[in-house]
Amino acid sequence: MQLDLSRALSIFIDNFDIFLNGILNTILFAIVGTVFGLLIGLVLGGIKAIKIEESDTLIIKVLKKIGHIFTSVYIFVLRGTPMMIQAVFFYYLLRDLVHWDMFTAGLYIISANTGAYMAEIVRSGIQSTDIGQTEAAKSLGFGNMQTLFYIILPQAIKNSFPSIGNQLIVNIKDSSMLNVLSITELFFQSMSIAGSNYSYVETYFISAILYLILTSIAYIALNYFENKLNDTKVNKHMDMCA
Amino acid sequence: MEEIIKIKDLKKHFGTLDVLKGVDITLHKGEVLTIIGSSGSGKSTLLRCVDLLERPTSGNIYYHDEDILAQGFDVNHFRSRVNMVFQNFNLFNNLNVLDNCIIGQTKVKKRSKEEAREIAIKNLTKVGMKDFINAKVTKLSGGQKQRVAIARALSMDPEVILFDEPTSALDPEMVYEVLKVIKDLASEGMTMIIVTHEMNFAKEVSDRVIFMDNGVIAEEGTAKEIFEAPKNERTRQFLAGFKA
Ligand SMILES: Nc1ncnc2c1ncn2[C@@H]1O[C@H](COP(=O)(O)OP(=O)(O)OP(=O)(O)O)[C@@H](O)[C@H]1O
Ligand SMILES: [Mg+2]
């Protein structure tokens, strides 16, 4: 067993269009999953961070409690099961109801899955902002939602930017699980190429290199944005292997 | 004179800890009321109850004869009229100096961006922070932060400002600049409740002084009465601790 580099290169050149198609789909799923996952995470993390207060009326207390239970179950299930299982399970479960194709289902699944991780990131970001920020906002007459949107969330997002960005890198890699829905992302395309040329080592070597390039670009871009956000030149370490 | 805030038999417990044990205060328009007292006597808790950052255990608080603890009372509108200035400034870290003074006006008072900007700049000028309007709040000194916090409160055109030890987190050389701003407000007739450990300042600025001890008002009087002829033994002991 050995790796023939020139064979690998010719596989890359001969199958360039297929690889490129895989790369573009992987990028699409990673970005859509991260952006919509963040939106879901903002809503769920926001709900999770709402405190039940003594002064609330009973109906508000009950609604808040339902919100807490729903988000906890959502996070528990989607973080505790493989995305591969989620993909096939929800695709077939909802197929007759919503009549979706596998590609659309894949976009929903990766967003929903990322949302579970983002919810935890957002919640801890919210809880790490100083209570004084909330009190100052309230003292000026801000309502709870205004406080959350204008004061707390901007700080929570900024503080948890490294973890949020890390989800993009995770999604570049984990979108490969959506091959179970026959989505032609990079791993699926690599499998088809390897299946026809039988050069497994060389083909997967190329796809590994391509993944590494994608994650590196994402890493560099995220670092750039993080530095801009912090207005500093300090390079912060970001964990690439989540 | 017109009564703005009236506190009646206010009590606050934290679990088994009795922090306020029945406090009565009436605040009149244009009055500067200072609250002094030893650490843990319940001064902050009292102010926080007035701004509804803490829910009183029992008692009543009236704002222009309206019960602020009643169901359905518009708490947010009340708070936009009665602002708090905190010991730790609590400027919004995600906004620059100017936006700290604008956001409450546009989001709560629904003023236009232009009007809010004008008012913010007027108040930042007043506290001597006009040159810093674009600065990040994290880059300011403590004294500068507190002056911005005062400008932020003033920009809401409040009826009352509550100060909770506004200079206690400051280096000594910055205390003066903040006290100066508060004195200016006092001379303009702003209605204020000020919790402070700065006795000379309290003596100078107060229309009325309350000495709190262990959750109750132990003594109340004019600045002259409290500082020059305290009747209560605890007041005397407390003030003796400040004499050089
Ligand atoms: N949220 C809270 N939960 C429990 N105990 C509290 C809480 N807030 C205040 N206390 C307690 O209530 C008592 C009075 O506190 P408070 O902050 O009102 O005193 P203070 O007069 O402002 O003191 P200082 O001069 O140190 O600021 C203290 O014993 C404090 O530990
Ligand atoms: Mg205090």
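Every heavy atom of this structure was used, including side-chain atoms; hydrogens, water molecules and symmetry mates were not. Here is the naming used below: chain letters follow the sequence lines, and residue numbers restart at 1 for every chain. A quick note: this is a predicted structure, and the numbers were derived from the prediction, not measured.
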Task: Greater than 12 external heavy atoms within 6.0 Å of B/Arg111's CZ - done: yes

- [ ] Side-chain contact test, heavy atoms from C-beta onward, threshold under 4.5 Å: evaluate it for B/Asn88 versus A/Asp130 and give yes or no.
- [x] no

Task: Heavy-atom proximity to chain B below 4.5 Å, by part of A/Gln133 - done: both

- [ ] Against chain A, label B/Leu91 side chain, backbone, both or neither, depending on which of its atoms sit under 4.5 Å from a heavy atom there.
- [x] backbone

Open item on the list: Can you confirm whether A/Ile69 is buried at CD1, in the sense that more than 12 heavy atoms of other residues, nucleotides or ligands lie under 6.0 Å from that atom?
Closed with: yes

Open item on the list: Can you confirm whether A/Tyr74 is buried at OH, in the sense that more than 12 heavy atoms of other residues, nucleotides or ligands lie under 6.0 Å from that atom?
Closed with: yes

Task: Heavy-atom side-chain contact between A/Leu140 and B/Arg79 under 4.5 Å - done: no

Task: Heavy-atom proximity to chain A below 4.5 Å, by part of B/Arg81 - done: neither

Task: Straight-line distance of A/Tyr150 OH to B/Thr106 OG1, nearest 0.5 Å - done: 7.5 Å

Task: Nearest-0.5 Å distance that lies between atom CD1 in B/Ile103 and atom CD in A/Gln146 - done: 8.5 Å

Open item on the list: With a 6.0 Å cut-off (strictly less than), is the heavy-atom count around CZ of A/Phe36, excluding the residue itself, greater than 12?
Closed with: no

Task: Over 12 non-hydrogen atoms of neighbours within 6.0 angstrom of NZ in A/Lys65 - done: no

Open item on the list: Go through it in stages, so that I can follow the logic: the residues are A/Ser139 and B/Asp51, the test is side-chain hydrogen bond (donor to acceptor under 3.5 Å, both in side chains), and I'd like the CA-CA distance, side-chain angles, deciding distance and then a yes or no.
Closed with: CA-CA 7 Å; A/Ser139 177; B/Asp51 213 27; 2.8 Å; yes

Task: B/Phe92 to A/Ala136 - nearest heavy-atom pair and separation - done: CE2-CB, 3.9 Å

- [ ] Please say whether more than 12 non-hydrogen atoms of neighbouring residues, nucleotides or ligands are located less than 6.0 Å from OH in A/Tyr108.
- [x] no

Task: Straight-line distance of A/Ile151 CD1 to B/Asn93 CG, nearest 0.5 Å - done: 9.5 Å

Open item on the list: Which one wins on heavy-atom pair count under 4.5 Å against chain A: B/Met156, B/Gln71, B/Met84?
Closed with: B/Met84

Open item on the list: Tell me whether B/Lys183 at atom NZ has more than 12 heavy atoms from other residues, nucleotides or ligands lying less than 6.0 Å away.
Closed with: yes

Open item on the list: Under a 4.5 Å cutoff for heavy-atom pairs, which residue among B/Val85, B/Val82, B/Asn83 has the most contacts with chain A?
Closed with: B/Asn83

TODO: Answer yes or no for B/Lys107 and A/Phe142: cation-pi contact, defined as NZ/CZ to six-membered ring centre under 6.0 Å and angle to ring axis within 45°.
DONE: no

Task: Side chain / backbone / both / neither for A/Thr134 at chain B, heavy atoms under 4.5 Å - done: neither

TODO: Step through the shown structure and confirm whether more than 12 heavy atoms of other residues, nucleotides or ligands are within 6.0 Å of CZ on B/Phe14.
DONE: yes

Task: Greatest number of heavy atom pairs closer than 4.5 Å to chain A - which of B/Leu53, B/Leu69, B/Asn94 - done: B/Asn94

